[in-house]
Structure formats: structure tokens, C-alpha cells
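Working notes, structure below.
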Protein chains: 2
Amino acid sequence: MTTTSRAVPGGPGRRPERPQLTERQEERRRRILKATAELAGLGGFDAVQMREVAERAGVALGTLYRYFPSKVHLLVATLQDQLRQLQETLRKRPPTAAEPGARVAQTLMRAFRALQREPQLADAMVRALIFADRSVGPEVEVASRLTSAIILDAMGAGGRPTPEQLSVARVIEHTWHAALITWLSGRASSAQVRTDIETVCRLVGAPADRP
Amino acid sequence: MTTTSRAVPGGPGRRPERPQLTERQEERRRRILKATAELAGLGGFDAVQMREVAERAGVALGTLYRYFPSKVHLLVATLQDQLRQLQETLRKRPPTAAEPGARVAQTLMRAFRALQREPQLADAMVRALIFADRSVGPEVEVASRLTSAIILDAMGAGGRPTPEQLSVARVIEHTWHAALITWLSGRASSAQVRTDIETVCRLVGAPADRP
DNA sequence: CGTCTGCCTGAAACTTGTTCTAGATTAGCG
DNA sequence: CGCTAATCTAGAACAAGTTTCAGGCAGACG
């Protein structure tokens, strides 16, 4: 048993994230993520069962685990996908409000409406994100960075945000996640979520350049 | 199979929370929670294994499940215990700062230091809290209410808080939970947690009577 | 073309949360 | 005390995440 360092498709190469993937491998990966999103959309976190994902994606169970080392990894990767899509959409149609705080609120409410259309998918992704332990650290970090970037963009702090702006964005991101959790677990209405989002955006002001 | 409504010790009686419990039963319940806290303190969420808890508590597995219908229920009950203890402590030594925001920050930092002493226990309880699904709704609600009460107390809104104060407390509670999560999953340092707490308390001001 | 290495498959095994069953114990109660 | 229903115990059984293993296939390289 030498230092095998079993070559995971998802990456021994450290930096290049996901190094060179064969065409067929890229294809497999896509099928896995598609199957995951389908099942998640159907029944949430619990409905994403690894055997079922593997079957739908037409890969062996072992292969699924080679691409994504755990169910949480798989779902966080799915979240990354969705966040990137959202980022695309926002780039095309940015929020229109004048105040930074209002723009952030507008952006998050848009995202929230999208999640409301697929509450089960939202459940799967968010639960995975917050349940993730240290072993998923890097992947969660990527998702978190995407979220922060979306918020900072809405704040108008696109390029080089100040430390203060970063702190504010963190607080907003935290509130966003926690509000989603309470909504998903049925302890808060969607109206309550809206209130929470508006409250935090209003209170912290999401200032673009305030000293 | 009639409408058995299997009489769980934890309560068919709805309101009285946990109705009349025999001495022996109360004793069992204590042993279970003790074993849970021990295991959790040792290795966090994953180390709390139902068989092991049952064995340490000296009860059968079936009994454990009769008292706490799932691992998450068990850990949320443990959290409730700890929160009540914290509340006691705070009643004896309330925060000293003059500003409401500062008092909240002081209170939360005190709680955070306590958690830092038992990071694994914190891991188990917090992960359970946020991972809880609808079936744990009532228990999570209790824990959430305890947390809110602690924050509102620190704000000086003890008796009858205004809607604005409730919103603010919600945002603070959300940030608190989310900050803990990022700390527990190793994506934020304890210094970062302190910053987040101070940021949200400062930004929202935790106003005691502001219109 | 043949071989070699690494990826993929199918299937079984293992782990841990959860459920179920049969029998022993206990708590209430007449 | 003796009866009844509820509770507890020991242990098997089941479900889903994860690991492992033997063998097949494919592309790289000589």
C-alpha cells in the first residue's frame, strides 16, 4: 500500500480545481448533477439517495463516489451550479433600486422567489451546505464565495470591497442562510423571510462607500 | 391496529410539555441526556451514536427511541438543557455594558467562550439544530425561543418587546447561528466570529427603545 | 499489435440511524 | 394480593450512506 493518493477525477491537481476531464467524464459529471437536481427537486434532501442517483445517471455507485466523495459534496456541487446560473442571470438583469441596501434586498428576494418555485431542491442544497463538516470545507468555501460575490455585486462593491463592506456582506449572507433554514423547516413563513431580508438590509444599510 | 397513539413518555398530553414522569423515568431521562452530552463532548455530532448512548445510559435502544424519537430530537433536547443553564448564569451575572448593542455582544461572546471550551459538544448541538426538519419543529421552536429570550433580555427588552425589537433579535440570532456554523466547520476563526457578532450588534444597534 | 495503467462496473459488505417483535418488568388499581 | 395495561429489554431486521473487491474496458505507449 504505497502512497496511492487515489486519483480522483475531481482533482489531485490542487489549484486547477477540476483538472483535465475527458469528454466522457465531463458528460458523466453532468449526468450525475442532473440526476441529483431532479431527485432533490422531487423530494428534497432525503430523496437524493446515492444508489438512485447512480442509477439515474447511468454510472456505478463506486463511480459516483469517485466523482463526489459524499452526498454532501454532491449537493454542494449542485448548489455551486445553481449559484453560477443565478450570477449569470443577475449579470444580465441587475437590480434597479438606487440604494445599495435596497438593491441587495431586491437581489435576495429574486433568489428567494426562485427557491420558492423549487422548495425541495432548495431544501436539499441548503441543508447540505450548513450540515457540511470540515471535510467539505473547500467546496463550501467556493459556494460561500459565490454568494458573497453576488451580495457584494448588488451592493455595488464589485471590484475591491472595503473590510467594512466585507463584514456587512457576511452578516447579510448569514442572515440569508439562517432565514432560509427557518423557512425550510417550516418555522417561518415566506413573508417572515422577506421581513428578515429587508430588516437586515435596512439595518445594516449595505453601505457602498460609507466610512 | 387501533388508534394506538403510543404513549410516549415525552408526551401525549400536548400542553404539559412532558407530563407526569415517574421518578425512575425522570432518572432515565437524565442518564440519557448525560450520556449524550458526554459523547457529544468527546467527538461531536458523529460520536453521538444511538446504540452507544443507550448503552452508556443503561437503557435499551427501543427505550431511548421512546424518550427521544430521533438523534436530532435528542441533541436538540440537550441544547435546550444547556440554554436553560446559560439563562440561569446570565440571570445571576447580567452583562454590564451601557449600550444595548454592547450588552448583547457581551452576552453572546460569553456564550461563545463557553462553547469554545467544548467545541465538540457545540458541534453536535448546533448541527442538530439547523439540520432539524419539520418533525422536530416544536422542539426547535423551544430552543429558538430560549435563544431569543436571552438576546432580548440582554437588549433590555425583557417584558414586552416591540415588533422592531423582535426583528432585530431575529437578525442577531440568525447571525449568531450562522457564525457558529462557519466556525464549527473550520471556515472561520474564533476572531472572525467575534467580529461578526460585534458587527451585527453594532450595525443593528440593538436599540432598546428607538422608534 | 500487445501490454500496461487507470477508470469503470456490479455486487457484496459494513456502518449507523431507525423500526419491529417477543417476552420480562413495572405501575396502578380493585 | 392478583390482574391489566403500559413500559422496558434484548435482539433481530431494515434502510441508506459509504467502502471494498474482483474483473472488464479503454486509451497511452512501446
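Any value given below was found using the heavy atoms of this structure, including those in side chains, with hydrogens, waters and symmetry copies removed. In what follows, chains carry the letters A, B, and so on, assigned in the order in which the sequence lines appear, proteins first and then strands, with residues in each chain numbered from 1. Note that the structure is a prediction, hence the values are computed from the model and not measured.
Whole-Å rounding puts the A:Phe68 CZ to D:dT18 P distance at 13 Å. Between the CD atom of A:Gln25 and the C1' atom of C:dC8 there is a distance of 10 Å, given to the nearest Å. Separating the CZ atom of B:Arg66 from the P atom of C:dT21 is a distance of 14 Å, rounded to the nearest angstrom. Whole-Å rounding puts the B:Glu26 CD to D:dC8 P distance at 12 Å. Put simply, CG on A:Leu61 is 10 Å from C1' on D:dA16, counting in whole angstrom units. In this structure, CG of B:Leu64 is placed 15 Å from C1' of D:dT7, rounded to the nearest angstrom. Protein atom CG of A:Leu74 is 16 Å distant from nucleotide atom P of D:dA16, rounded to whole Å. Between the CD atom of B:Glu27 and the C1' atom of C:dT26 there is a distance of 16 Å, rounded to whole Å.
We find the CZ-CH2 distance between A:Phe112 and A:Trp183 to be 5.0 Å, quoted to the nearest 0.5 Å. To the nearest 0.5 Å, atoms CG (B:Leu74) and CG (B:Leu79) are separated by 11.5 Å.
No side-chain donor-acceptor contact under 3.5 Å links B:Arg29 and B:Gln25. Looking only at atom types and distance, the side chain of A:Ser185 has a donor-acceptor partner in the side chain of A:Arg187 under 3.5 Å away.
For the OP1/OP2 pair of C:dC8 and a distance below 4.0 Å, the side-chain nitrogens and oxygens of A:Tyr67 include at least one atom meeting the criterion.
Under the salt bridge (charged side-chain N to carboxylate O under 4.0 Å, His left out) criterion, the residue pairs touching residues 33-43 of chain A are A:Lys34-A:Glu38, A:Glu38-A:Arg56, with sequence neighbours excluded.
Remark: B:Val48, B:Gln49, B:Met50, B:Arg51 in residues 48-60 of chain B come within less than 4.0 Å of DNA chain C through at least one heavy atom.
Comparing B:Lys71 and A:Thr63 along DNA chain C, the residue whose closest nucleotide (by nearest heavy atom) sits nearer the 5' end is A:Thr63.
By the side-chain hydrogen bond (donor to acceptor under 3.5 Å, both in side chains) test, A:Gln82 pairs with no residue at all, sequence neighbours left out.
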